[in-house]
There are 2 protein chains.
Amino acid sequence: MEQNIYGRPYVQTTDGPRFRPCAPHSVLARLGDKWTILVMSHLAVADGYRLRFSGLKNGIEGITQRMLTLTLRNLERDGLVKRYYYPEVPPRVEYELTEMGASMLPALEGFTSWIRENWPRIEECRKAFDEAAA
Amino acid sequence: MEQNIYGRPYVQTTDGPRFRPCAPHSVLARLGDKWTILVMSHLAVADGYRLRFSGLKNGIEGITQRMLTLTLRNLERDGLVKRYYYPEVPPRVEYELTEMGASMLPALEGFTSWIRENWPRIEECRKAFDEAAA
DNA sequence: CCGAATCCCCAAAGATACTG
DNA sequence: CAGTATCTTTGGGGATTCGG
């Protein structure tokens with residue numbers, strides 16, 4: 001019999017709950033990759049949640065054309081971003097957060113604000129841990 | 001001059017804000033790795049936020065000894081989990097969420113609850129996108 | 001301007017075997 | 001029981017080139 005704890009499916013065993021890898025992970029894994037959060041953040045603060053490809057590229061230090069394309073494809077696939085193609089010369093492509101994409105922002109902000117508050121402490125811990133290891 | 005949007009440092013340019021890879025990413029990257037969320041979730045529902053190594057291992061389907069060790073080391077290094085070693089025979093080791101680790105749970109829950117609500121829609125979008133690609 | 005195609009590298013992660 | 005030590009595989013991600 002399957003239940004949920006913290007949105008995570010598990011089966012109850014004699015030893016306690018047993019979790020399995022599951023759906024939420026595939027979303028967190030995406031957000032955890034190298035560029036996704038930066039792209040989302042950038043769209044989040046843009047007019048109409050919308051920017052063209054080159055705007056994103058210029059706005060994110062160090063990202064390559066290839067990685068930006070891949071990141072946007074994945075976001076588009078998940079329905080978080082919509083792609084608008086204008087067949088002009090030279091071509092113009094814009095990306096906009098979908099309604100679902102925008103609806104994620106508060107949760108994202110909740111998380112990043114926790115990180116912001118705790119980051120100094122985390123850095124201290126890492127430093128202490130690394131020193132103790134030596 | 002450097003400011004913050006959504007907890008993310010950026011510099012203002014003539015083209016608009018320009019973000020740089022930054023601290024919060026290193027935390028999200030950790031959470032996005034394969035096992036971290038499962039370990040955190042498991043501790044989150046345990047008595048006293050505390051479990052022994054074997055309890056975690058049995059509670060997480062598919063995790064290997066090696067990966068559990070690595071995941072716990074990283075969490076310990078960040079100060080999110082504390083390790084208690086009891087030199088008995090056979091040895092016993094317990095892991096407990098620290099205060100900081102526990103303080104992350106609401107933000108985590110906020111995020112996973114967004115995912116839970118939107119997951120069906122995301123799956124639809126992925127399916128539609130993949131079919132359109134063919 | 002946007003992005004697909006190729007090639008390459010390295011770190012994450014799995015399998016397995018061994019130890020205090 | 002709770003790890004380490006090795007070896008191997010996988011795939012994320014960078015650099016570069018070409019094309020519509």
(Q) Does A/Glu99 have more than 12 heavy atoms from other residues, nucleotides or ligands lying within 6.0 Å of its CD? (A) no
Q: Count the heavy atoms belonging to other residues, nucleotides or ligands that lie under 6.0 Å from CG of A/Asp130, then report whether that count exceeds 12.
A: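 Atom CG in A/Asp130 is crowded, with more than 12 foreign heavy atoms closer than 6.0 Å.
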Does [X] put a side-chain nitrogen or oxygen below 4.0 Å from OP1 or OP2 of [N]?
| X | N | answer |
| --- | --- | --- |
| A/Arg83 | C/dC2 | no |
| A/Tyr84 | C/dC2 | no |
| A/Ser54 | C/dC2 | yes |
| A/Arg92 | C/dC2 | no |
| B/Tyr95 | D/dG3 | yes |

Q: Five pairs at each end of the helix from C/dC1-D/dG20 to C/dG20-D/dC1: take the axis at both ends and give me the angle between them to 10°.
A: 50°
State, with a plain yes or no, whether a side-chain heavy atom of [X] is found less than 4.5 Å away from one of [Y].
| X | Y | value |
| --- | --- | --- |
| B/Leu43 | B/Val81 | yes |
| B/Met67 | B/Lys34 | no |
| A/Glu109 | A/Pro106 | no |
| A/Asp78 | B/Phe129 | no |

Measure from [atom1] on [X] to [atom2] on [N] and round the result to the nearest Å.
| X | N | atom1 | atom2 | result |
| --- | --- | --- | --- | --- |
| B/Glu76 | D/dG3 | CD | C1' | 13 Å |
| B/Gln65 | C/dT19 | CD | C1' | 12 Å |
| B/Leu56 | D/dA2 | CG | C1' | 12 Å |
| A/Glu94 | C/dC2 | CD | C1' | 13 Å |
| A/Asn74 | C/dA4 | CG | P | 12 Å |
| B/Arg52 | D/dC1 | CZ | P | 7 Å |
| B/Leu72 | D/dT4 | CG | P | 11 Å |
| A/Leu68 | C/dC2 | CG | C1' | 10 Å |

Q.
Within the 4.0 Å heavy-atom criterion, would you say B/Tyr86 contacts the bases, only the backbone, or no part of the nucleic acid?
A.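 B/Tyr86: no heavy atom of the nucleic acid under 4.0 Å.
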Q: Quick one: pull up CZ in A/Arg30 and CD1 in B/Ile115 and give me the separation to the nearest 0.5 Å.
A: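 These two atoms lie 12.0 Å from each other.
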(Q) Across nucleotides 9-15 of chain C, 5' to 3', mark each nucleotide with B, S or - according to how protein heavy atoms within less than 4.0 Å reach it. (A) ----BBB
Q: Kindly assign one of parallel, tilted or perpendicular to the pair A/Phe111 and B/Phe111, based on the angle between their ring planes and the thresholds 30° and 60°.
A: perpendicular
(Q) So, applying salt bridge (Lys or Arg N to Asp or Glu O under 4.0 Å) with B/Glu94, which one of B/Arg83, B/Lys82, B/Arg50, B/Arg52 is it? (A)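 Passing option: B/Arg50.
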